[in-house]
Amino acid sequence: MSSSFGKLFRVSTFGESHCPGVGVVVDGCLPGMALTEPDIQYQLDRRRPGQSAVSTDRQESDQVSIQSGTEHGLTLGTPISLFVPNKDQRPGDYKSMADIPRPSHADFTYQSKYGIRASSGGGRSSARETIGRVCAGAIAEKMLKTALGIDIVAWVSQVGQIKAPETDGLNLTRSMVDASMIRCPDSDAAKAMEAAVLRAKEEKDSIGGVVSCVCTHVPAGLGEPVFDKLEALLAHAMLSIPATKGFEIGSGFAGAQMRGSVHNDPFVLKNGRLGTTTNFSGGIQGGISNGEPIVFRVAFKPPATIGYAQETVDFQGRQATLAAKGRHDPCVVARAVPIVESMAALVLADVMLQQQARLAGAALMGKHGFPFRH
């Protein structure tokens, strides 16, 4: 199983939905950075279940503990281990579903791949796994902010067919995003979105949506063509999040309807550096950041586990009716906001370290010549 992500800033998540706990090991954090649990808890509180009427009723405080990698509140440069216990577990809710693969869920595919699966809560396919990502992302985000001043803000831009007015997000803050429980900064759209989610919940159904994200103050030069282009890494990161079904950056699919004379981003001088007048590229050209804000969107499907009765078959192919028990999100986008931010931070932290290694190597060669020449 692939449970690790990144090259120089590398994270490995562990744990299942109904085991004693979940967590992550982070390797590659720079030494000497101030880091304590509150630096991480803020994002976990935004991700945790049971925080509003539009999320699951499962109640978890999701309190993180740092178990290694720091001393006296400073990172040591050694692996950082973080752990979050599972407390509000109800594996019995899944007993009736043990022999029935939930439609559009990972029960059938996990069973097909491994010959066994965690039948309660979905195991590693559960969104509980993303706790480790959020913990690691909070560390990456602090490193990015400290080193380069990078800011990352995500928000809900669509639920079902309800779309918020378009915005580049450059003036958004997380406090503005968190002003509504659906995490849409437009108050009118937020009310309509919340009503749609509550209606789906009342009908024991679910609904999908879109999370938009902007990363600002990203310097030019990040990304590793040709296979590790920055947008490819971001797509990889976002589509690894549970329930994602689409990713687009900059103009995205709308760019296919435009002409080059409109879509091209002309260069101008901005505060002593080259910049662009428009940003249809989404801040990335040739797989490398160009210094403009990185703007992308992630589509989330309706959660697969619903209480609405569905006609299906069990693992033996016998007819069955499934009305799932348990506590599930009627829509995941509100809680997905900090997960999207965290995965963006992991990507940017990794490519930042790769670029810094390249610059350090170039400086070494410029000062001493090729270091390994005899």
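Just so we're clear, the structure is a prediction, and the values are computed from it rather than from any experiment.
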* **Straight-line distance of T278 OG1 to N264 CG, nearest 0.5 Å** => 8.0 Å
* To do: Spell out, as yes or no, whether a donor-acceptor pair under 3.5 Å connects the side chain of S180 to the backbone of C184.
  => yes
* Kindly check if the number of other-residue, nucleotide or ligand heavy atoms within 6.0 Å of OH (Y308) is above 12? => no
* To do: Flag the pair I288 / L230 as yes when at least one side-chain heavy-atom distance between them is below 4.5 Å, and no otherwise.
  => no
* For atom CD1 of I116, decide whether the heavy atoms of other residues, nucleotides or ligands shown that lie under 6.0 angstrom number more than 12. => no
* F247 reachable from V351 in the ILVMFWY side-chain graph, under 4.5 Å edges -> yes
* Asked: So, S3 versus R124: side-chain donor-acceptor pair below 3.5 Å or not?
  -> yes
* **Polar contact flag, side-chain donor to acceptor under 3.5 angstrom, Q355-R358** => yes
* **Other residues, nucleotides, ligands: >12 heavy atoms within 6.0 Å of K301 NZ** => yes
* Could you tell me whether R297 and E166 make a salt bridge, using a distance below 4.0 angstrom between a side-chain N and a carboxylate O? => no
* Can you get from F9 to L76 by hopping between Ile, Leu, Val, Met, Phe, Trp and Tyr side chains that sit under 4.5 Å apart? -> no
* To do: Search all heavy atoms of V64 against all heavy atoms of Q41 and return the closest pair with its distance.
  => N-OE1, 3.1 Å
* Structure fact -> When R335, R48, R47 are each screened for salt bridge (charged side-chain N to carboxylate O under 4.0 Å, His left out) with D62, the one that passes is R47
* If you look at every heavy atom in A154 and V340, which pair is closest and at what distance? -> CB-CG1, 4.3 Å
* Structure fact -> Here the pair of heavy atoms bringing C331 nearest to V197 is CB-CG2, 3.8 Å
* To do: Verify the neighbour count for atom CZ of R259: are there more than 12 heavy atoms of other residues, nucleotides or ligands below 6.0 Å?
  => no
* Taking all heavy atoms of P338 and all of Q43, pick out the closest pair and write down the distance. => CB-OE1, 3.8 Å
* Any donor-acceptor pair under 3.5 Å linking the side chain of D329 with the backbone of T56? -> yes
* Asked: Between the side chains of S240 and R133, is a donor N or O closer than 3.5 angstrom to an acceptor N or O?
  -> yes
* Backbone N or O of G77 within a donor-acceptor pair of the T75 side chain at under 3.5 Å? -> no
* **Worked verdict on E60 versus K87 for side chain to side chain contact (heavy atoms under 4.5 Å, CB included)** => CA-CA 6 Å; E60 294 279 3; K87 293 185 176 180; 3.6 Å; yes
* Structure fact -> Closest non-hydrogen contact found for S289 with P219 is OG-O, 2.6 Å
* **Under-4.0 Å salt bridge between K7 and D350** => no
* V210 and I152: same hydrophobic cluster, using ILVMFWY side-chain contacts below 4.5 Å? -> no
* Asked: Under 4.5 Å between any side-chain heavy atoms of N279 and P293, yes or no?
  -> yes
* **Member of I80, V24, D39 meeting the side-chain contact (heavy atoms from CB on, under 4.5 Å) criterion with C135** => V24
* Are M176 and V153 connected in a single hydrophobic cluster, I mean Ile/Leu/Val/Met/Phe/Trp/Tyr linked by side-chain heavy atoms less than 4.5 Å apart? -> yes
* Heavy-atom donor-acceptor pair, T146 side chain to K142 backbone, under 3.5 Å -> yes
* Asked: Distance-only, no hydrogens or angles: does the T321 side chain make a donor-acceptor pair with backbone N or O of A309 under 3.5 Å?
  -> no
* Measure the OG1-CG distance between T78 and D27 for me, rounded to the nearest 0.5 Å. => 8.5 Å
* Do S281 and Q285 get their side chains close enough for a donor-acceptor pair, meaning under 3.5 Å? -> yes
* To do: Give a yes or no on whether F14 atom CZ has more than 12 heavy-atom contacts from other residues, nucleotides or ligands under 6.0 Å away.
  => yes
* Is D178 salt-bridged to R174, cutoff N-O under 4.0 Å? -> no
* Between NE2 on residue H72 and OG1 on residue T36, distance to nearest 0.5 Å -> 14.5 Å
* Asked: By salt bridge (Lys or Arg N to Asp or Glu O under 4.0 Å), which residues pair with K270, not counting sequence neighbours?
  -> E292
* Asked: Does any N or O in the side chain of K201 come within less than 3.5 Å of the main-chain N or O of A53, such that one atom is a donor and the other an acceptor?
  -> yes
* Structure fact -> Taking every heavy atom of N86 against every heavy atom of E16, the minimum-distance pair comes out as ND2-O, 3.1 Å
* **Between S12 and S4, a side-chain donor and acceptor under 3.5 Å** => yes
* Nearest-0.5 Å distance that lies between atom OG1 in T13 and atom CD in E129 -> 4.0 Å
* Asked: Do the side chains of F83 and I66 get nearer than 4.5 Å, heavy atoms only?
  -> no
* Asked: Distance-only, no hydrogens or angles: does the S206 side chain make a donor-acceptor pair with backbone N or O of P303 under 3.5 Å?
  -> yes
* **Check: Q67 side chain, S81 main-chain N or O, donor-acceptor pair, under 3.5 Å** => no
* Asked: So does Q161 have more than 12 non-hydrogen atoms from other groups sitting under 6.0 Å from CD?
  -> no
* Would you mind reporting whether M352 and M143 have side-chain heavy atoms less than 4.5 Å apart? => yes
* Asked: Got a second to check how far L44's CG is from T130's OG1, nearest 0.5 Å?
  -> 9.0 Å
* **Pair D107 + R102: basic N to acidic O under 4.0 Å** => yes
* Applying the side-chain contact (heavy atoms from CB on, under 4.5 Å) test to T216, which of D151, V295, L172, I294 qualifies? -> D151
* **Connected via hydrophobic side-chain network under 4.5 Å: V54 and I162** => yes
* Atom pair CG (L35) and CG (L30), whose distance is rounded to the nearest 0.5 Å -> 12.0 Å
* So, the side chain of S126 versus the backbone of R128: is there a donor-acceptor pair under 3.5 Å, distance only? -> yes
* Asked: Between the side chain of T244 and the main-chain N/O of L239, is any donor-acceptor distance below 3.5 Å?
  -> yes
